[in-house]
Amino acid sequence: MQYQPASSHSAAIIGASGYVGAELSRLVQQHPALSLFGCYVSEHSSDAGTLLSDLYPQYAHCLKIPLQGLTDNEKSSIKHQADTVFLCTEHNISVALAPEFLEAGLKVIDLSGGFRLDAVEDYPPFYGFEHKQAHWLRQAVYGLAEWYPHEIAEAQLVAVPGCYPTASLMALLPLKKAGLLKSSKVIINAVSGVTGAGRKASLATQGAELSLQAYGLFEHRHTPEITQQLQHEVLFTPHLAQFPRGILATLYAELNDDTSDTDLTSAYQCYAEQPLVRFKKLARPAIKDVVQQPFVDIGWHRQGNQLIVLSAIDNLLKGAASQAIQCINLQLGLPVEEGLL
Ligand SMILES: NC(=O)C1=CN([C@@H]2O[C@H](COP(=O)(O)OP(=O)(O)OC[C@H]3O[C@@H](n4cnc5c(N)ncnc54)[C@H](OP(=O)(O)O)[C@@H]3O)[C@@H](O)[C@H]2O)C=CC1
Ligand SMILES: CC(=O)N[C@@H](CCC(=O)OP(=O)(O)O)C(=O)O
C-alpha cells in the first residue's frame with residue numbers, strides 16, 4: 001500500500017523507526033499545517049517495509065505508515081517533492097545526509113548533535129569523528145525555540161538541542177542573561193530515563209543492568225554544548241536511571257552578591273508569555289508531570305547566594321521531537337505551540 005500524504009507543508013522523517021523519529025512522525029501526522037511525506041530508515045534496514053504502528057502499537061491509531069529504505073530513488077523523490085527533512089539519525093549520519101538535501105534547497109531540521117557545536121575541532125574529542133562540513137556547521141542555527149525564534153525562522157539548517165542541554169539551558173539562560181550568576185562553575189546533575197540512549201539494544205540499557213548510575217564524567221558531549229550556549233563554565237554529570245522517559249536536572253549556581261528574590265523573579269519573567277514553559281518559585285518539577293508533554297517545568301530555590309534550579313522535560317519531546325515542531329512552527333510563522341497542545 002502506498003502511503004498518500006495530504007497537501008500542505010511536506011516533511012520527510014529520516015530515522016523514523018527510532019524513539020525520537022517515531023514521536024516526531026506522530027506529531028507531524030497530527031499537525032494541522034504539515035503533511036508527512038514519508039518515514040525512512042537506512043537502505044538495508046530490517047524494518048524497511050514494516051508499518052511504524054507495528055513497532056509502536058500505542059500509536060496504531062495514527063502511524064499506519066510504512067517505513068521505507070532510504071535508497072537513491074527515495075532521496076531523489078524527497079529532494080524534488082518535500083519541503084523539509086527532519087533527521088532523527090546518529091550524529092555522523094546526519095552530517096553525511098544533511099548537505100545533499102540542503103544543496104537541493106530543502107530545509108533541514110537535524111535532531112542529532114551533528115551541527116550543534118561551533119567548532120569542527122570539538123567533534124573528534126566529543127563525538128569521535130572528524131566533521132567535514134564546516135560550511136554547513138557555520139550556517140546552522142541552534143534550535144532552542146524560546147531563545148532564538150527569529151534566527152530559527154530564517155534558518156535553512158536547524159540543529160535541535162540535545163535533551164540535557166535543553167533542560168539545563170532553559171533553567172540557566174534567564175539567570176545568565178540577567179547577569180545574576182557568579183563566575184564559579186554551575187554544577188548540573190541530571191537524571192535521564194533509558195529512552196535517552198535510543199532504541200538499539202545495548203548491554204548498558206538492558207533491564208537487569210539498569211540501576212541509577214552516573215556516566216560520561218567530565219567528558220560528555222553535552223558539556224561543550226551547554227558551555228557554548230551559556231557562555232559560562234559548567235560541571236555536568238548525567239545519570240541513567242531505570243524509568244522509560246524524562247529528564248530531571250538539578251542545577252547548583254552561586255548568585256552574585258545582593259541578588260534579590262525580585263531579581264530572580266524578574267529574570268524568569270522572560271518566560272511569562274511562553275506557552276510551553278511552566279515556571280514557579282519553590283516548585284519541585286517532577287518527571288511524571290512532563291512525560292508525553294511538550295513542556296519544560298522549572299522551579300527555583302535559594303538560601304543566601306546559593307541557588308538550586310530544578311528543570312524537568314520529556315527527553316523525547318521538549319528534549320527532541322516537540323522542540324523540532326516548535327522550530328518548524330517558527331519557520332512557518334505559526335504559534336510555537338501549534339500541533340503540540
Ligand atoms: N533519545 C533521545 O532522548 C534523544 C535523541 N536525540 C538524538 O536524535 C537522534 C535519534 O535518536 P534516537 O531516536 O534515540 O535513536 P534510535 O537509535 O532510536 O534511532 C535511530 C534511527 O535512525 C535510523 N538509521 C540508522 N542509520 C540510518 C541511515 N544510514 N539512514 C537512514 N536512517 C538510519 C534507524 O533505523 P535503522 O537502523 O533500522 O536504519 C532508526 O530509525 C540521535 O542523533 C540522538 O542523539 C536527541 C535528543 C533526545
Ligand atoms: C540516557 C542517554 O544515554 N542519553 C543520551 C543523550 C540523548 C540526547 O539528547 O542527546 P543527543 O541528541 O546529543 O544524542 C546520552 O547521554 O548520550
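Just so we're clear, the structure is a prediction, and the values are computed from it rather than from any experiment. Note that ligands are numbered from 1 as they come in the structure, with each ligand's atoms numbered from 1 the same way.
- Using a 4.0 Å cut-off to heavy atoms of Arg221, the atoms of ligand 2 that qualify are 6 (C), 10 (O), 11 (P), 13 (O), 14 (O), 15 (C), 17 (O).
- Numbered from 1 in the order shown, with element, the atoms of ligand 1 that lie under 4.0 Å from a heavy atom of Arg199 read 16 (P), 17 (O), 18 (O).
- The Ala16 neighbourhood of ligand 1 comprises atoms 41 (O), with distances under 4.0 Å to a heavy atom of that residue.
- Distances below 4.0 Å separate heavy atoms of Tyr215 from the following atoms of ligand 2: 1 (C), 2 (C), 3 (O), 4 (N), 15 (C), 16 (O).
- Listed by number with element, the atoms of ligand 2 under 4.0 Å from a non-hydrogen atom of His91 are 11 (P), 13 (O), 14 (O).
- Residue pairs meeting the ring pair (Phe, Tyr, Trp, His ring centres under 6.0 Å) criterion with at least one member in residues 51-110, sequence neighbours excluded, are His91-Tyr127.
- In terms of polar-atom proximity, Gly162 is not counted as a contact of ligand 2, lacking any N or O under 3.5 Å from an N or O of the ligand.
- Using a 4.0 Å cut-off to heavy atoms of His220, the atoms of ligand 2 that qualify are 15 (C), 16 (O), 17 (O).
- Remark: side-chain polar atoms of Gln29 are not paired, donor with acceptor, to backbone N or O of Leu63 under 3.5 angstrom.
- Ligand 1 places these atoms under 4.0 Å from at least one heavy atom of Gly198: 14 (O), 18 (O).
- Side-chain contact check for Gln323 and Lys318: at least one donor-acceptor pair (N or O, by modelled atom type) lies under 3.5 Å.
- Using a 4.0 Å cut-off between heavy atoms, Val160 makes no contact with ligand 1 at all.
- Residue Ala197 places no N or O, backbone or side chain, under 3.5 Å from any N or O of ligand 1.
- With ligand atoms numbered from 1 in the order given, ligand 2 contributes 1 (C) to contacts under 4.0 Å with heavy atoms of Leu240.
- A cation-pi contact, defined as under 6.0 Å to the ring centre and within 45° of the axis, is absent between Arg221 and Phe126.
- The shortest non-hydrogen separation linking Ile152 to Ala145 is CD1-CA, 3.7 Å.
- Judged by distance alone, the side chains of Ser94 and Asp110 do bring a donor and an acceptor atom under 3.5 Å apart.
- Between the CG atom in Leu332 and the CG atom in Leu34 there is a gap of 6.5 Å [rounded to 0.5 Å].
- If you number the atoms of ligand 1 from 1 as listed, the ones under 4.0 Å from a heavy atom of Leu316 come out as 1 (N), 2 (C), 3 (O).
- A donor-acceptor pair under 3.5 Å links the side-chain atoms of Ser311 to the main chain of Ala167, judged by distance alone.
- Among all non-hydrogen protein atoms, the one lying nearest atom 38 (O) of ligand 1 is Ser45 OG, 2.6 Å.
- Looking at Ser42 next to ligand 1, an N or O pair under 3.5 Å apart turns up.
- The main-chain N or O of Ser184 is never found under 3.5 Å from a side-chain atom of Glu233 such that the two would form a donor-acceptor pair.
- The closest protein non-hydrogen atom to atom 9 (C) of ligand 1 is Thr89 O, 3.5 Å.
- Near Arg116, meaning under 4.0 Å from any of its heavy atoms, are these atoms of ligand 2: 11 (P), 12 (O), 13 (O).
- Scanning the protein heavy atoms around atom 4 (N) of ligand 2, the nearest turns out to be Gly196 O, 3.2 Å.
- Between the side chains of His9 and Ser35, no donor-acceptor pair of N or O atoms lies under 3.5 Å.
- Atoms of ligand 1 found under 4.0 Å from any heavy atom of Ser112, numbered from 1 in the order shown, are 43 (O).
- Residue, atom and distance of the protein heavy atom nearest to atom 19 (O) of ligand 1 are Gly18 CA, 3.2 Å.
- With distances taken over non-hydrogen atoms, the option nearest atom 35 (O) of ligand 1 out of Ser17, Gly15, Ser46, Gly319 is Ser17.
- The heavy atom nearest to atom 5 (C) of ligand 1, out of those in Ile93, Ile13, Val20, is found in Val20.
- Leu173 places a side-chain heavy atom less than 4.5 Å from the side chain of Leu144.
- Listed by atom number, the atoms of ligand 2 under 4.0 Å from Ala197 heavy atoms are 1 (C), 2 (C), 3 (O).
- When hydrogens are left out, the protein atom nearest atom 9 (O) of ligand 2 is Cys163 SG, 2.4 Å; that is the closest non-hydrogen contact.
- Side-chain atoms of Ser260 and Asp263 include a donor-acceptor pair closer than 3.5 Å.
- Ring planes of Phe129 and Tyr123: tilted class, angle from 30 to 60°.
- Among protein heavy atoms, atom 7 (C) of ligand 1 sits closest to Leu111 O, 3.3 Å.
- Counting heavy atoms from C-beta on, the side chains of Glu338 and Gln326 never come closer than 4.5 Å.
- Numbered from 1 in the order shown, with element, the atoms of ligand 2 that lie under 4.0 Å from a heavy atom of Ser192 read 1 (C).
- The two atoms that bring Glu337 and Pro275 nearest to each other are OE1-CG, 3.5 Å, heavy atoms only.
- Ligand 1 has no N or O atom lying under 3.5 Å from any N or O atom of Arg116, backbone or side chain.
- No donor-acceptor pair closer than 3.5 Å links the side chain of Asn329 to the backbone N or O of Leu334.
- The contact set between ligand 1 and Cys88, taken as ligand atoms under 4.0 Å from a residue heavy atom, comprises 9 (C), 10 (C), 20 (C), 21 (C), 22 (O).
- Leu316 and Leu341 fall within a single hydrophobic cluster, where Ile, Leu, Val, Met, Phe, Trp and Tyr side chains are chained together by heavy-atom contacts under 4.5 Å.
- Between His222 and ligand 2, a contact under 3.5 Å exists for at least one N or O pair.
- Near Tyr19, with a cut-off below 4.0 Å to any heavy atom, the atoms of ligand 1 are 13 (O), 18 (O).
- Counting the atoms of ligand 1 from 1 in the order shown, those under 4.0 Å from a heavy atom of Thr195 are 1 (N), 2 (C), 3 (O).
- Here Asn315 has heavy atoms under 4.0 Å from ligand 1 in both its backbone and its side chain.
- A donor-acceptor pair is defined here as one N or O able to donate and one able to accept, closer than 3.5 Å; such a pair exists between the side chain of Gln228 and the backbone of Asp118.
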